[in-house]
Amino acid sequence: MSKPLTIAMPKGRIYKEAAALMEKAGYSLGADLDDSRKLILEFPDQNIRVMMAKPMDVVTYVEYGAADIGIAGKDVLLEQDRDVYEVLDLKISPCYVAVAGLPDQPLSRIAPKIATKYPKVASDYFREQGEQIEIIPLNGSIELAPLIGLADRIVDIVSTGRTLKENGLVEYEKIADITSRLIVNPVSYRLKSTEIEQMVTNLSEVMEGTRP
Ligand SMILES: Nc1ncnc2c1ncn2[C@@H]1O[C@H](COP(=O)(O)OP(=O)(O)OP(=O)(O)O)[C@@H](O)[C@H]1O
Ligand SMILES: O=P(O)(O)OC[C@H]1O[C@H](OP(=O)(O)OP(=O)(O)O)[C@H](O)[C@@H]1O
């Protein structure tokens, strides 16, 4: 039998939706793998190996060929700009990246401070707007930054809008719509084309509702 197809799956909020999609496409990885502490799981009967990765790290495993395939948010792909093929929009875990801040605060001063865990996305966006900014890098609870005067704006994910609302913040501009994508290592795409193309076809059929 050929070497197993290695899939880097994102732990956390994307996992269950991604596993459900894979299940419908004929790959039974289990809905509760993310409850386990095990990081590499073998499915010899399906010739698949699963690596459980932090969502931000999935692209790294796929770029370096440690995994052939992965599932990653478009936010991560925009931020990291890595050498991987983005082959399919899985249309799961929808959200968007937006600029937000305290209400009625025009961005008037020179080099406003932007708090974010997406420094590249934020810099690219403000450069396109012709705006010089200073990035304040944070890893979470980004909404705190404008509340305590650390930043003039944040660039962060919005999903329900609840975090902004409960902290008295408003959205100024949407930067990009986000969903999760299937990504592939370029070398694996050539060497394991049959298995990978089969997976892409199966997943596409599930999304189009045409899978038997
Ligand atoms: N409300 C949301 N907040 C953040 N990410 C979301 C949201 N809704 C969907 N997503 C997607 O989920 C991914 C993040 O998943 P998750 O929050 O599990 O990882 P994380 O950012 O590493 O979390 P943490 O650092 O809190 O463990 C993002 O890349 C994005 O594509
Ligand atoms: O629009 P909402 O539905 O409220 O979702 C958006 C919030 O969810 C994410 O934070 P997360 O829960 O990952 O926590 P974090 O602040 O630790 O990153 C994101 O960074 C926002 O803060």
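This chain uses plain numbering: 1 for the first residue, then up along the sequence. Counting starts at 1 for both ligands and their atoms, in listed order.
- Not one N or O of Ile142 is nearer than 3.5 Å to an N or O of ligand 2, by distance alone.
- For atom 14 (O) of ligand 2, the protein comes within 4.0 Å by no heavy atom at all.
- Of the N or O atoms in Arg13, one or more lie within a sub-3.5 Å distance of an N or O in ligand 1.
- Shortest contact from atom 1 (N) of ligand 1 to any protein heavy atom: Ser159 CB, 3.2 Å.
- For atom 3 (N) of ligand 1, the nearest protein heavy atom is under 4.0 Å away.
- With a 4.0 Å cut-off on non-hydrogen atoms, Ile178 touches ligand 1 through its side chain and not its backbone.
- In this structure, atom 19 (O) of ligand 1 lies nearest to the protein heavy atom Pro55 CG, 3.3 Å.
- Remark: ligand 2 and Ser159 share an N or O pair separated by less than 3.5 Å (distance only, no angle test).
- The CD1 atom of Ile69 sits 10.0 Å away from the CG atom of Leu88 when rounded to the nearest 0.5 Å.
- At a heavy-atom cutoff of 4.0 Å, ligand 1 is contacted by the side chain of Lys54 but not by its backbone.
- Taking every heavy atom of Ser141 and a limit of under 4.0 angstrom, the matching atoms of ligand 2 come to 15 (P), 16 (O), 17 (O).
- Both tests do not hold together for Arg49 against Phe43: distance to the six-membered ring centre under 6.0 Å, angle to the ring axis within 45°.
- Close approach to Glu143 involves these atoms of ligand 2, each under 4.0 Å from a residue heavy atom: 21 (C), 22 (O).
- The atoms of ligand 1 that sit less than 4.0 Å from any heavy atom of Gly12 are 18 (O).
- In the vicinity of Asp75, heavy-atom distances shorter than 4.0 Å reach the ligand 1 atoms 28 (C), 29 (O), 30 (C), 31 (O).
- The parts of Thr160 lying near ligand 2 are both backbone and side chain, judged by heavy-atom distances below 4.0 Å.
- The contact set between ligand 1 and Lys117, taken as ligand atoms under 4.0 Å from a residue heavy atom, comprises 21 (O), 25 (O).
- Annotation: side chain of Ile154 is in contact with side chain of Pro146 (closest heavy-atom distance under 4.5 Å).
- Remark: the backbone N or O of Glu63 is paired with a side-chain donor or acceptor of Asn185 at under 3.5 angstrom.
- Residue contacts with ligand 1 for Asn139 are absent, since no atom lies close enough (heavy atoms, distance under 4.0 Å).
- Regarding atom 13 (C) of ligand 1, its nearest protein heavy-atom neighbour is Ile14 CD1, 3.7 Å.
- Between Ser180 and ligand 1, a contact under 3.5 Å exists for no N or O pair.
- In this structure, Thr116 contributes its side chain and Val155 its backbone to a donor-acceptor pair below 3.5 Å.
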